[in-house]
4 protein chains.
Amino acid sequence: MNTSVSPKPATKPRQNREARQQHILDATARCVRQSGFHGASMSSIAQEAGMSVGVIYRYFANKEAIIEAIVANDLAEMGEKFAEFDDIPDENLIDHLVDIIPIAIEHKYNCGKSALALEVLAEAARNPNVAAILKKSEAKEREMITPLLRRIYGHDIDISTLLARNEVIGMIFDGMLVRSVCAPDVDRDQMIKWLRKVVRYAFEMKDD
Amino acid sequence: MNTSVSPKPATKPRQNREARQQHILDATARCVRQSGFHGASMSSIAQEAGMSVGVIYRYFANKEAIIEAIVANDLAEMGEKFAEFDDIPDENLIDHLVDIIPIAIEHKYNCGKSALALEVLAEAARNPNVAAILKKSEAKEREMITPLLRRIYGHDIDISTLLARNEVIGMIFDGMLVRSVCAPDVDRDQMIKWLRKVVRYAFEMKDD
Amino acid sequence: MNTSVSPKPATKPRQNREARQQHILDATARCVRQSGFHGASMSSIAQEAGMSVGVIYRYFANKEAIIEAIVANDLAEMGEKFAEFDDIPDENLIDHLVDIIPIAIEHKYNCGKSALALEVLAEAARNPNVAAILKKSEAKEREMITPLLRRIYGHDIDISTLLARNEVIGMIFDGMLVRSVCAPDVDRDQMIKWLRKVVRYAFEMKDD
Amino acid sequence: MNTSVSPKPATKPRQNREARQQHILDATARCVRQSGFHGASMSSIAQEAGMSVGVIYRYFANKEAIIEAIVANDLAEMGEKFAEFDDIPDENLIDHLVDIIPIAIEHKYNCGKSALALEVLAEAARNPNVAAILKKSEAKEREMITPLLRRIYGHDIDISTLLARNEVIGMIFDGMLVRSVCAPDVDRDQMIKWLRKVVRYAFEMKDD
DNA sequence: AATGAATGAGACTTCATTCAT
DNA sequence: CATGAATGAAGTCTCATTCAT
C-alpha cells in the first residue's frame with residue numbers, strides 16, 4: 001500500500017468552478033422539472049444541491065442567470081448530435097435521420113426532459129432574455145443543419161424552401177414534446193413505425 | 001309597488017355569475033399570456049377585469065381554481081371544431097382536414113395563443129390537478145376524433161393503430177406551438193405548401 | 001350620553017393617505033435616529049409604526065422612497081421659519097435673527113434631531129438621490145433668504161458677497177449640529193451669550 | 001548561532017502588525033468615504049487593501065472594531081496640529097489661528113474628508129462605542145486647546161467661559177463640514193475673507 | 001499564517017388571501 | 001355584496017464571520 005495518497009481528503013475534493021456550476025445547474029434542473037421556474041426557490045435548489053443558499057451566488061449572479069444557463073445548456077446538447085452525420089455517405093443520410101426517431105422518442109417521452117423544455121419554451125414566450133437565448137440557439141442549429149440539408153436536396157434548392165421544409169420536419173420532432181405531456185402512454189412502437197414513414201416522406205417529397 | 005324585494009329577477013344572478021366568471025377567466029388569460037401563471041398576480045387580474053380583488057374570491061376559491069378553469073376553458077375551445085366535419089362527405093374529408101392547416105398556422109403563430117398553451121402544458125407537466133384536466137380533455141378529444149378517423153380508415157383498422165397514426169398527426173399540429181415560439185418569422189406560405197403534402201401523406205399512407 | 005356618535009369606531013379611524021404616510025415617516029425617523037438609515041430595517045419600522053411590513057409598501061414604493069421623504073420632510077420644516085420675518089421692521093431684523101439663537105440651540109441640542117440631520121448629511125455625501133434633494137432644498141432656502149438679506153444689506157451688495165456672508169452665518173448654525181453630538185453637555189447659557197455677539201457681528205460687519 | 005529561529009527579527013512582526021493595521025484602516029477609510037460604513041463590505045475592504053478577508057480578522061476582531069479604529073484614527077490626526085502653535089509668540093497667536101482658515105476650508109471642502117467625518121458623527125450619534133471614542137477625543141482636544149486659549153485670554157478667565165467661547169469657534173469650523181456637503185460650490189475666496197473677520201472677532205470679543 | 005469558499009441570519013420586497021367597512 | 005387595506009409567509013439576495021485547506 002502507498003501511504004502518500006492524495007493530500008486532499010476524499011470528503012471534499014476541491015471541485016473546479018465548472019463542476020460546481022454544473023452541479024448547481026443539475027440540481028436546479030431537477031427542481032424546475034418538479035416545480036417550474038418560479039416554483040423552484042433558491043432554497044429548494046440549495047437543498048437539492050446540498051449547499052447553502054449563499055454559495056450558489058458565488059457561481060451565478062442571480063436566479064435568472066441560472067435559468068439562462070440551464071436553457072443554454074439544454075440547447076447546447078442538441079448541437080452535439082449533428083457531428084455524427086459527417087461520416088454518413090449522402091445516400092444513407094435520410095436512412096440515418098429516420099433511424100434516430102426511436103432515440104428521439106425515448107428522449108422526449110422521458111417526462112422530466114420535456115417538462116423542462118416546455119418550461120423553457122413558456123418562459124421564452126414572455127421573458128425576452130430567455131427568448132434571445134432560444135433565438136441564438138435556433139440560429140446555430142440552422143447553421144448546422146443547412147449543410148446537412150444541402151447534402152439531401154443539393155445546392156439548387158433555394159434557402160427559403162430549405163428552411164420551410166426544415167420547419168415541417170421540426171414540427172414533427174418538436175411536437176413530440178407536446179404529445180409526451182398530453183399522451184404519455186401511447187404505444188410507442190406503433191407510433192415509431194408510422195413516424196418513420198412520415199419523416200421519410202417529409203425528407204423525400206418533391207415539389208409537386 | 002313592492003319596495004322591499006330585490007328588483008332583479010332570480011335568473012339574472014345566475015346568468016351574472018357565469019358571465020362574471022368568464023369575464024374573470026378572460027382577464028386572467030390576458031394576464032397569463034403576458035406574464036405567465038406566476039407573473040399574473042391577483043391584483044393585476046382584478047385590474048384587468050375592472051373589479052376589486054375581493055370579488056374574484058366570490059367566483060373562484062383561489063388562484064389555483066382560476067388557473068384550472070383557464071386550462072379547462074382553453075382545452076374546451078378545441079372541441080367545437082369537430083362539429084363542422086359532420087357535413088363533409090367521406091371522400092372529401094382528408095381534403096378538408098388538409099385545408100384547415102392555414103387556419104391552424106394562423107391560429108398558433110399569433111404568439112399570444114401559443115404562450116398560453118405552452119404555459120398550460122408546462123403547468124400540466126408538474127401540477128397533477130392541471131395534468132388531470134389535460135388528460136380528461138385529451139380523452140374527450142379522442143372520443144370525438146375516433147369516429148372521424150373511422151370514416152377515413154374504415155372499421156377494420158384496430159384502435160391502437162388508429163391512435164398511433166393520430167398521434168403522428170397530432171405531433172405535426174402540436175409542433176406548431178413550439179415552432180411558433182422558436183421560429184416565429186418563418187415564411188408561412190412556403191411552410192403551408194409543404195405541410196399540406198406531409199399531412200395528406202400522414203392521412204393516406206398505407207401499412208408498408 | 002349620545003348614542004349617535006361617529007359611525008366609525010375610535011379604534012381604527014379611517015385615516016387618510018397623507019396621515020398614514022406621515023405616521024410611517026415619523027416611525028421611520030424614530031428608527032433612523034436610533035439605528036441610522038441602514039440599521040432601520042423595514043420590520044423595525046413596521047413594528048415602530050404598529051403596522052405589518054406589507055402595508056408600508058402601499059404608501060411608499062420602497063425604503064429609499066421613505067428615506068427621501070424623510071429628508072424632504074426634514075428640510076421642508078425649515079422653510080416655515082422664514083415667514084415670520086415678513087412682519088419685522090428692517091431696523092429690528094438683525095435683533096430678531098439674533099434672538100432665534102436660543103431656539104436654534106434648543107432645537108439642535110435635542111440629540112434626536114441632530115442625529116437624523118447628520119444621518120441625512122452623511123447619506124447625501126454619497127447617495128446622489130439624497131444629495132439632489134438636499135441641493136434642491138438648499139436652493140429653495142437661498143431663494144427665501146436672499147430677500148431677507150437684501151433688507152439688511154440693501155440692493156447694492158452683489159449676490160456673490162451676499163451668498164458668501166450667508167455661508168459664514170450658515171456655518172455657525174450648522175456647526176451646532178456637529179457640536180451637539182461632540183459636546184452635548186456644554187453650558188448653553190454661556191454659549192448663547194457669546195453666540196449672540198458673534199452672529200450679530202457676522203450680520204453687521206462691513207467690508208474692511 | 002541559532003539556526004532554527006525565525007529568520008526575521010522579532011521587531012519586524014510587531015512593526016508589520018501595526019503597519020498592516022494601518023494599511024487596513026486606510027483601505028477601509030477609502031471604502032467608507034465612497035459607500036458609508038454600512039456600504040463598505042468586508043470583501044470590498046479586503047480587495048481595496050489587497051488582502052484576503054480572512055487576514056483582516058487577524059488584525060481586527062470584527063468590522064465594528066475597524067470602524068472604531070477609523071474613528072479614533074480620524075480624530076487623532078487633529079491632535080498634531082496643535083504642536084505648531086508652541087513656537088508662535090502670544091501676540092501673533094490669533095493671527096496664526098485666523099491664518100489657518102484657508103487650510104481648514106481646503107481640507108473640509110475636499111469632499112471625501114467630510115463624508116467620512118459626517119459618517120463618524122452620524123455613527124457617534126447612535127453607537128455608544130463610537131460616541132465614547134468621540135467623547136474621549138473631544139476631552140483630549142480640550143486638554144490641548146485650553147493652554148492655547150489661556151495664552152489668548154489670560155488666566156483670569158474662568159474655565160466655563162473659556163469652553164463656551166471655544167464652542168462658538170468650534171461651531172464655525174465644524175460648520176464647514178456641513179456646508180461642504182450642502183453648498184460645495186460656494187465662492188471660497190469670498191467666504192474666506194468674511195470668515196477671517198468673524199473668527200478674529202470671535203477670538204477678540206470682550207465681555208459686553 | 002493566509003486564503004477564500006461556505007455558511008446562514010437577516011434585509012428588502014411581493015402577493016395570495018382575508019375581513020372590517 | 002363589494003371594496004381594497006391589511007396581513008405575513010415566503011422569495012431573492014447580501015454579507016459578516018468562520019474554518020478547512
Side-chain angles (χ1 to χ4, degrees), chain A residues 6-9 11-15 17 20 38-46 49-66, chain B residues 6 8 13 16-17 20 38-47 51-67, chain C residues 7-9 11-15 17 20 38-46 49-66, chain D residues 6 13 16-17 20 38-47 51-67:
Chain A
S6 154
K8 293 179 180 177
T11 55
K12 213 169 188 180
R14 171 76 51 171
Q15 301 175 29
R17 185 170 179 81
R20 283 322 270 291
H38 294 291
S41 70
M42 289 303 288
S43 73
S44 73
I45 292 170
M51 307 170 153
S52 69
V53 183
V55 80
I56 295 180
Y57 285 85
R58 293 190 61 77
Y59 294 95
F60 294 95
N62 49 37
K63 195 183 170 185
E64 176 101 359
I66 305 181
Chain B
S6 155
K8 294 186 178 178
N16 253 351
R17 180 165 184 82
R20 296 290 284 274
H38 178 270
S41 70
M42 289 301 287
S43 76
S44 72
I45 291 170
Q47 187 163 40
M51 307 170 152
S52 69
V53 191
V55 81
I56 293 181
Y57 280 85
R58 295 196 60 78
Y59 294 94
F60 293 95
N62 49 35
K63 197 182 170 185
E64 176 98 0
I66 306 181
I67 288 175
Chain C
K8 294 178 182 180
T11 55
K12 213 169 190 180
R14 170 77 49 173
Q15 301 173 29
R17 184 170 180 81
R20 282 321 270 293
H38 294 291
S41 71
M42 290 302 288
S43 73
S44 72
I45 291 170
M51 305 170 156
S52 70
V53 186
V55 81
I56 295 180
Y57 284 85
R58 293 190 62 78
Y59 294 94
F60 294 94
N62 49 36
K63 195 182 171 186
E64 176 101 358
I66 306 181
Chain D
S6 150
N16 252 351
R17 181 168 182 80
R20 295 290 284 272
H38 178 269
S41 70
M42 290 301 287
S43 74
S44 71
I45 292 170
Q47 186 162 40
M51 307 169 153
S52 69
V53 191
V55 80
I56 293 181
Y57 280 85
R58 295 194 60 78
Y59 294 94
F60 293 95
N62 50 33
K63 197 182 170 186
E64 176 99 0
I66 306 182
I67 289 174

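Letters A, B, ... mirror the listed sequences (proteins, then strands); counts begin at 1. Remember, predicted model here, so these are calculated numbers, not experimental data.
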Report yes if at least one side-chain N or O of Arg58(B) is closer than 4.0 Å to OP1 or OP2 of dA2(F); otherwise report no. yes

For dG4(F), take OP1 and OP2 only and decide whether either is under 4.0 Å from a side-chain N or O of Ser52(B). no

Separation of [N] [atom2] from [X] [atom1] (nearest whole Å):
{"X": "Phe60(B)", "N": "dA16(E)", "atom1": "CZ", "atom2": "C1'", "value": "16 Å"}
{"X": "Tyr59(A)", "N": "dT7(E)", "atom1": "OH", "atom2": "P", "value": "10 Å"}
{"X": "Ile56(A)", "N": "dG11(F)", "atom1": "CD1", "atom2": "P", "value": "13 Å"}
{"X": "Ile45(B)", "N": "dA16(E)", "atom1": "CD1", "atom2": "P", "value": "7 Å"}

Test side-chain contact (heavy atoms from CB on, under 4.5 Å) on Arg20(D) and Met51(D); report intermediate values, then the result. CA-CA 10 Å; Arg20(D) 295 290 284 272; Met51(D) 307 169 153; 3.2 Å; yes

If you assign each of Val55(C) and Gly50(A) to its closest nucleotide in DNA chain E, which residue comes earlier from the 5' end? Gly50(A)

Quick check: closest heavy atoms across [X] and [Y], and the distance to 0.1 Å?
{"X": "Ala46(A)", "Y": "Ser52(A)", "answer": "CB-C, 3.8 Å"}
{"X": "Asn62(A)", "Y": "Tyr57(A)", "answer": "CA-CE2, 3.9 Å"}
{"X": "Ser44(A)", "Y": "Ala40(A)", "answer": "OG-C, 3.7 Å"}

Quick check for you: to the nearest 0.5 Å, what is the distance between Ile45(B) atom CD1 and Ile56(B) atom CD1? 6.0 Å

State the NE2-OG distance between His38(D) and Ser41(D), to the nearest 0.5 angstrom. 10.0 Å

Return the nucleotide paired to dT14(F): Watson-Crick means purine N1 to pyrimidine N3 with N6-O4 or O6-N4, wobble means G-U with N1-O2 and O6-N3, both under 3.5 Å. dA9(E)

Pairing partner (Watson-Crick or G-U wobble, both distances under 3.5 angstrom) of dA20(E): dT3(F)

Return the polar atom pairs (N/O with N/O) between nucleotides 10-14 of chain E and the protein under 3.5 Å, or none.
unit_1: dC12(E); atom_1: OP1; unit_2: Lys63(C); atom_2: NZ; d: 2.6
unit_1: dC12(E); atom_1: OP2; unit_2: Met42(C); atom_2: N; d: 2.5
unit_1: dT13(E); atom_1: OP2; unit_2: Tyr57(C); atom_2: OH; d: 2.6
unit_1: dT13(E); atom_1: OP2; unit_2: Lys63(C); atom_2: N; d: 2.9
unit_1: dT13(E); atom_1: O5'; unit_2: Tyr57(C); atom_2: OH; d: 3.2

